There are 2 protein chains.
Amino acid sequence: MPTRRSTATMKDVALRARVSLATVSRAFAVPGSVSEALTQRIIAAARELNYTINVNARSLRSQSSGLIVVLIPDIGNPFFSVLLQGIEEQARAQGLAILIGDTHGDSELAATYARLLDTRRADGMILLNGTVPNRAHDGARLKPQRYPVVAISERIPGADIAMVGINNRAASCEAVGHLAALGHRRIAHIMGPADNILTHERAQGYRDSILAHGCDMWPEAVQPGAFSIHAGRAAMAKLLDSAAPPTAVFAASDEIAIGAIIEAKARGLLVPDDLSVMGFDDIAYAESYDPALSTINQPRREMGRRAMVMLGALIADPDQRQADVILDHRLVVRASTAPPRVASRKLTSRT
Amino acid sequence: MPTRRSTATMKDVALRARVSLATVSRAFAVPGSVSEALTQRIIAAARELNYTINVNARSLRSQSSGLIVVLIPDIGNPFFSVLLQGIEEQARAQGLAILIGDTHGDSELAATYARLLDTRRADGMILLNGTVPNRAHDGARLKPQRYPVVAISERIPGADIAMVGINNRAASCEAVGHLAALGHRRIAHIMGPADNILTHERAQGYRDSILAHGCDMWPEAVQPGAFSIHAGRAAMAKLLDSAAPPTAVFAASDEIAIGAIIEAKARGLLVPDDLSVMGFDDIAYAESYDPALSTINQPRREMGRRAMVMLGALIADPDQRQADVILDHRLVVRASTAPPRVASRKLTSRT
DNA sequence: ACAACTCATGTAAAGGTTTACAGCGTCGAT
DNA sequence: ATCGACGCTGTAAACCTTTACATGAGTTGT
């Protein structure tokens, strides 16, 4: 039970400024509606009383909270931080604050956060990739109410939710194309988690490119994984253990790529001399890693900003349909990719 | 203007369950106060009507929002993400949600977020190191009201705000001690930003240790910096340009350490053979870097959790004083530190 | 001079909860 | 049978705004 802080209310301000309560409210909320003289008097009175509006009362009456929820699978993942900054900047510009819900990939938890919309604590929601609060029973619940929701980087199947993202398939195709252009013929792919849609879009882009360039195809070329350093390392180990290891790897995320490089180094391989590695995302550490990662840059800040703009529009008019926004990605070539060694074929023995 | 969603209210539930409004409220809020039979009837009615409580109304009446603000200088900094997770987990356990304010180190912005307390939008606030919304005029404002506030890892000068953290001075002393124990005599220090208190505590620990071990002291040994890779790299460049470069560096953060290593590598130096580098914080990437970073581990998740616990107590009773919590740090020795090269003595001449 | 308007302000009714207080029925003790 | 206590439920006030509607003063046009 918090101690009741005795704070000035609008009524107090009205009394002091010798106007009605309604006038005070209007002076603050509706710009041109109160005469200059009164507005000054009211502002003065408010300042003297150290008045601050009670947001809860306002929300109750106006049926909107000025808050939006952002659902993230994992705050710790550096991919999301810049995205968040974009969202947050834009939200602030629109006078909204953001409420972050870390779902830890748990759809139960996601549903809990989604409930903030039901309870009118939040006006809208942004879904970051992988977090789908409506997998289970909530799919049915989300749609009929037509809550303002936009997804970043993931198309939610079934629920027609507006989204902003990049063309993952094309980007992956380009990434693998870069490796092929360097002369690689034996290019493997380490995937993200199987239940993530991005994983499949990127894998598809990989396949497109392998086909288009007539590169090697072999059963173990595509390894399952997850968006983590650990998974990347494990998958790389499998690839290197195989009879005919690849000369290049396209990882579905930078973290996977880092894991792959760690494993390669652990075995005495030189990157990029013995093995080229491509990442995806261009997280902050990609540039600082040794070797600096070649990767696909996603315009994350812009993605966040655009999503927030769309959400704002949706909040203003929940019935309007928003078109998807596909932003441009960018191939970033750094030091982790190079032409294959001509002599590299000699490694191919054993088992 | 959002379309008014016609939602069931308590009144509707009361009608349907044939009880009074008050009884419904009590059934939900005050555990043992309503008879079993009625409670069941009420719950059934609520379910049938798809009732969800209106949080704004509750907040208005009960003068508390169930929200807490967390002020962060930079969401993108990986040091904070785990901290956040700790806070968030504990907050959820206490039925609270967190509102994240990224201040970008801007105290103006921090003040904006701090205002959420004034407007009753938030019940309490957690300050993450470096963010001091009361540097300027707000110091005076924060104290008299006695808002529930706790700081993580930084003692706010002047304002008596409870805090949880580690002993930075002792930890730094230990870090440098590790380098000295390896045989280093010429140990430099790259500091964080000058306006951050942690910077000075860590620098002090460095000095303590240098003195205690009788290591070299020279004017350029301590370089100003900032908590970033870039700053680390620049400072390292200065150190290496000097006539008698150090054989080891203690960086005030892991990011600085990474920057330092990048610069050393760029000059063809081997880490740790030619130069040992110690970091501080043990961020996620410290372990994956090449070489893996020796550093000081801060129990970040636990710090977040403890801070939230304290805040909870403070919200329950704003007048009680909370004792500071100092948690244990841990020296983590990995691959970026090693004994100095014996031949390195030959560098020590000149001037 | 009067109708028709505009414009600034005031009045009062929501908005959905929580909670102090009152009422009422039951039970045990006298 | 009476009293007090206790446990459950209902009544109504309070929390602080926003906003539809009413009011009245001033302006314009005839």
Side-chain angles (χ1 to χ4, degrees), chain A residues 1-43 45-46 49-66 95 116 118-121 123, chain B residues 1-43 45-46 49-67 95 118-121 123:
Chain A
M1 212 63 34
T3 56
R4 170 87 33 98
R5 295 186 285 270
S6 70
T7 328
T9 76
M10 260 191 189
K11 197 168 157 190
D12 301 324
V13 176
L15 238 52
R16 180 159 244 254
R18 301 187 311 283
V19 295
S20 79
L21 214 174
T23 305
V24 177
S25 173
R26 277 188 288 252
F28 288 126
V30 194
S33 68
V34 174
S35 68
E36 184 60 20
L38 276 198
T39 303
Q40 286 312 323
R41 229 161 71 204
I42 290 168
I43 288 178
L49 293 173
N50 217 323
Y51 169 76
T52 54
I53 199 169
N54 182 319
V55 193
N56 294 317
R58 160 181 297 190
S59 295
L60 170 59
R61 177 62 222 225
S62 63
Q63 305 275 31
S64 77
S65 63
L116 294 174
D118 283 334
T119 56
R120 270 67 108 243
R121 167 159 285 174
D123 296 344
Chain B
M1 211 64 34
T3 56
R4 170 86 35 96
R5 294 186 286 270
S6 71
T7 328
T9 76
M10 262 192 189
K11 197 166 155 190
D12 302 325
V13 177
L15 237 52
R16 181 159 244 256
R18 302 186 309 282
V19 295
S20 78
L21 214 177
T23 305
V24 177
S25 173
R26 275 188 290 251
F28 287 124
V30 194
S33 68
V34 175
S35 67
E36 184 60 19
L38 277 198
T39 304
Q40 286 312 324
R41 226 161 72 204
I42 290 168
I43 289 178
L49 293 173
N50 217 324
Y51 169 75
T52 54
I53 198 168
N54 182 320
V55 193
N56 294 317
R58 160 182 296 191
S59 295
L60 171 58
R61 176 62 222 228
S62 63
Q63 305 274 34
S64 76
S65 62
L67 251 41
D118 283 334
T119 56
R120 269 65 108 246
R121 167 158 284 174
D123 296 343

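Here the structure is a predicted model, which means the values were calculated and not measured. Order of the sequence lines fixes the chain letters, A, B, ..., with proteins taken first and strands second; residue numbering starts at 1 for each chain.
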Nucleotide C/dT17, atom P - distance to CG of B/Leu15 in whole Å:
13 Å
Please state how far atom CG in B/Asn54 lies from atom P in D/dC16, giving the value in whole angstrom units.
17 Å
Select base, sugar-phosphate, or nothing to describe what A/Leu38 touches, counting heavy atoms under 4.0 Å on all strands.
sugar-phosphate
Identify the two heavy atoms, one from A/Val13 and one from A/Ile42, that lie closest to each other, and give their separation to 0.1 Å.
CG1-O, 3.9 Å
By nearest-nucleotide position on DNA chain C, the 5'-leaning member of A/Ala22 and B/Arg58 is A/Ala22
Reported CG-to-CZ distance for the pair A/Asn56 and A/Arg121, which is rounded to 0.5 angstrom:
8.5 Å
Can you tell me how far apart OG (A/Ser25) and CD1 (A/Ile53) are? Round to the nearest 0.5 Å.
7.0 Å
OP1 or OP2 of D/dC16 sitting under 4.0 Å from any side-chain N/O of A/Tyr51?
no
For B/Thr9, which contact category applies under a 4.0 Å heavy-atom criterion: base, sugar-phosphate, or nothing?
sugar-phosphate
Nearest heavy-atom contact between A/Ala8 and A/Tyr51 is O-CD1, 3.3 Å
Is it the case that the base of D/dT17 and the side chain of A/Arg61 share a donor-acceptor contact (distance under 3.5 Å, atom types as modelled)?
no
Strictly below 4.0 Å: does A/Ser62 bring a side-chain N or O up to OP1 or OP2 of D/dT18?
no
Do A/Leu60 and B/Asn54 have side chains that approach each other closer than 4.5 Å (heavy atoms only, starting at C-beta)?
yes
Hey, which of these two, B/Arg26 or B/Ile53, hits DNA chain C nearer its 5' end, going by closest nucleotide?
B/Ile53
Euclidean distance, atom CD of residue B/Glu36 to atom C1' of D/dT9 [Å, nearest integer]
16 Å
Atom-to-atom span, CE of A/Met10 to C1' of C/dA12 - whole angstrom:
16 Å
All N/O contacts under 3.5 Å from nucleotides 25-27 of chain D to the protein, with atom names and distances to one decimal?
none

Taking atom P of D/dT17 as reference, at what distance in whole Å does atom CG of A/Leu60 sit?
12 Å
Could you tell me, to 10°, how much the axis swings from one end of the helix from C/dA1-D/dT30 to C/dT30-D/dA1 to the other, five pairs per end?
40°
If I take atom CG from residue B/Leu21 and atom CZ from residue B/Arg26, how far apart are they, to the nearest 0.5 angstrom?
10.0 Å
Just how far is it from atom OG of A/Ser20 to atom CE of A/Met10, taken to the nearest 0.5 Å?
10.5 Å
Could you state the interatomic distance from CG (A/Asn50) to CG (A/Asp12), rounded to the nearest 0.5 Å?
12.0 Å
For a quick check of understanding: with a heavy-atom distance under 4.0 Å over all strands, which category does B/Val55 fall into, base, sugar-phosphate or nothing?
nothing
Do any of residues 28-35 of chain B sit with a heavy atom less than 4.0 Å from DNA chain D, and if so which?
B/Val34, B/Ser35
Hey, does the side chain of A/Ser20 come within less than 4.0 Å of C/dT9's phosphate (OP1/OP2), counting only N and O?
no
Within less than 4.0 Å of OP1 or OP2 of D/dT18, is there a side-chain N or O belonging to A/Ser25?
yes
Residues B/Thr23, B/Leu38; criterion side-chain contact (heavy atoms from CB on, under 4.5 Å); working and verdict
CA-CA 9 Å; B/Thr23 305; B/Leu38 277 198; 4.1 Å; yes
Residue whose nearest DNA chain D nucleotide is more 5′ - B/Arg18 or A/Lys11
B/Arg18
Minimum heavy-atom distance A/Arg41-A/Arg18, with the two atoms named:
NH2-O, 3.3 Å
For residues A/Thr7 and B/Arg120, determine if any side-chain heavy atom of one lies less than 4.5 Å from a side-chain heavy atom of the other.
yes
For B/Ser65, is there any backbone N or O sitting under 3.5 Å from a side-chain donor or acceptor partner on B/Asp123?
yes
Give the nucleotide from the list C/dT18, D/dG10, C/dG16 with an atom nearest to the side chain of B/Ala57.
C/dG16
Working to the nearest 0.5 angstrom, can you tell me the gap between B/Thr9 OG1 and B/Leu15 CG?
9.0 Å
Tell me: CD of B/Gln63 to C1' of D/dC16, nearest whole Å?
9 Å
Calculate the interatomic distance between B/Leu21 atom CG and C/dT18 atom C1'; express it in whole Å.
10 Å
